[in-house]
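We use all heavy atoms of the structure for the numbers below, so side chains are in, but hydrogens, waters and symmetry mates are not.
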There are 2 protein chains.
Amino acid sequence: MTLNGLPHHRGGAEELARLLARALLAGHWQPGDAFPRELDLCTHFTVSRNQVRNALASLTATGLIERTAGRGTVVRAVTDWHLLDPLMSEWMVGLADPDPQLVREIFAFRYSAEPVVAGLAAEAAAAADLERLEAAFQGMTRTASEPAARGLHAEYDVAFHDAIYLASHNLVWRQMGHLLRPSIIALIESSQAHVHQEHESLDDSLARHGRVLEAIRRRDSAAAERAAREVLRRTAIDLGIVDAPAIPHPDPKESP
Amino acid sequence: MTLNGLPHHRGGAEELARLLARALLAGHWQPGDAFPRELDLCTHFTVSRNQVRNALASLTATGLIERTAGRGTVVRAVTDWHLLDPLMSEWMVGLADPDPQLVREIFAFRYSAEPVVAGLAAEAAAAADLERLEAAFQGMTRTASEPAARGLHAEYDVAFHDAIYLASHNLVWRQMGHLLRPSIIALIESSQAHVHQEHESLDDSLARHGRVLEAIRRRDSAAAERAAREVLRRTAIDLGIVDAPAIPHPDPKESP
DNA sequence: GCCTATTAAATGTCTGACATTTTGGCAACC
DNA sequence: GGTTGCCAAAATGTCAGACATTTAATAGGC
């Protein structure tokens, strides 16, 4: 691919990096393809070589491209991407059409991880964590009835999941919560768009969130784990990806 | 802290970054402290400002420091570190005396995550994955009897855990496996040092690894989960951190 | 006493030249 | 003819110096 399709920008290496990264994430180049040379980028975007080099350094750090002196810049395969790099999640927010396979992979990860985190939260949650969870849940409840407050509802939803990761009181899981934030937002918005949000689906989702909160408050680790799994299963249903191969079947223990 | 204690280096911004990062990881500065200025670093290490800026850019990307024009560079708190950044794990290998609290946090994470991954592996493992696991396990078995092959034994041990993450067939968990590699190595070596590796402990550890492999081969997800938890519990015992508050009690379902 | 202009000090940016690495071609040699 | 060696082109990497911008402290005027 050439640079012809890419929009211009206001300035700053960060924004240039974001621009190029999103083009790469959208699959505009194939793995192994040659990436434009520094000077071409300079002329196309009318920025200094400095800015270009800084931007490309970010792309290199996240494993999106590989640069070697004399040979040039080539784009790397998905398996080489550093999906857990904060820059990467930043670049993913509001991505128009992310690779559906990638979305499934990330959701499958969440599906396996978040129940465990909810279990940890049930064991480690302090008063402040419970307050945060409660506030988010009450916000979701308040905004559930009014269709006008859909955006606000989504925010409370994200806050709820974030609060679960925070309540685990583990440094690594907290990081993970941060990183998953964009994916969670995207999934919520996407599920809001797919299903037409009849009361049925929304009430069900709300109830499932409530059972997670309840279990954590009771400090019932196993119940929190099950309840969190149920929340994600609801999301999977709304997205219509519940049968995707990347997602393990819901609960093997219930049907041996 | 000043720069007086830091050793010199052969050259290259990467190595400079590694040097400074390890000093930061070892806690030579307190959060909020001022970090040396660019020009001071230039004179002390006799490198160009370019190299220094590149090195500091890496430290900024991993959340170790924060830089603002005019104000200077300050070191950030542990909670701001990007523990899941590949650079970070690279810098952690062979760290002399890592913060014990940090070690506990990472181990607690592994303790909650790895059983789930083993469960996924039981569901998703292909022939090649089983071969990898088998090869690693047989290597561990072969090298278990000879005390001279301790280093080799550790390598096979790491390969075994790596193979579990690979067998999950999930992009994110695979990344995680890569990132945890240094921590796993450190833990294995540390546990080898702590306990004097009587036959008893080693045989027990080997047997527990074997049960994981067995369960994955049987495609028994629940059993793999339990077995992986047992492996980690053995490690925790050998390290003497089994009673640390950051580690959840082994299996809440067994004592409700 | 408060507000403002100045200054100093730090990081950020630009530019041009040069260094290094890789690749490919061309020519000489066996 | 095939191999080797060398040179040139093209790409990224590095350097040095000047300059811009931001921030905080400080001195001065009212």
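- Atom CG of B:L56 and atom P of C:dA10 are 14 Å apart (whole Å).
- Between the side chain of A:D85 and the backbone N or O of A:H82 there is no donor-acceptor pair closer than 3.5 Å.
- For A:T73, a side-chain nitrogen or oxygen approaches OP1 or OP2 of D:dT12 to under 4.0 Å.
- What separates CD of A:E66 from P of D:dT12 is a distance of 13 Å, to the nearest Å.
- Minimum atom distance to the side chain of B:S48 is reached by D:dA16, of the listed C:dC14, D:dA16, C:dT13.
- In this entry the distance linking CZ of B:F35 with P of C:dT11 reads 11 Å, nearest Å.
- Taking atom CG of residue A:N54 and atom P of nucleotide D:dT12, one finds them 15 Å apart after rounding to whole Å.
- Protein atom CD of A:E38 is 6 Å distant from nucleotide atom C1' of D:dT12, rounded to whole Å.
- In this entry the distance linking CG of A:L41 with P of D:dT12 reads 8 Å, nearest Å.
- Straight-line distance from the CG atom of B:L39 to the P atom of C:dA8: 17 Å, rounded to whole Å.
- Taking 4.0 angstrom as the limit, A:T68 places none of its side-chain polar atoms (N or O) nearer than this to OP1 or OP2 of D:dA11.
- Aromatic rings of A:F160 and A:H209 (six-membered ring for Trp) have centroids within the 6.0 Å cut-off, being under it.
- Taking the side chain of A:R71 as heavy atoms from C-beta on, and the options C:dT11, C:dT23, D:dC15, the nearest nucleotide is C:dT23.
- When all heavy atoms of A:A108 and B:N170 are compared, the pair lying nearest together is CB-ND2, 3.7 Å.
- Of the listed nucleotides (C:dT13, C:dC14, C:dA10), C:dA10 has the atom at the smallest distance from the side chain of B:R37.
- Within the 3.5 Å criterion, the main-chain N or O of A:W91 finds a donor-acceptor partner in the side chain of A:R22.
- Atom CZ in A:R53 sits roughly 14 Å away from atom C1' in C:dC14 (whole-Å rounding).
- Between D:dT22, C:dT21, C:dC14, one nucleotide has an atom nearer to the side chain of B:A69 than all others, and that is D:dT22.
- Set against C:dA17, D:dC15, C:dC14, the side chain of A:R49 has C:dA17 as its closest nucleotide.
- Proximity of A:R67 to the phosphate of D:dG13: a side-chain N or O atom is located under 4.0 Å from OP1 or OP2.
- Put simply, the side chain of A:L84 does not reach to within 4.5 Å of the side chain of A:M88, judged on heavy atoms.
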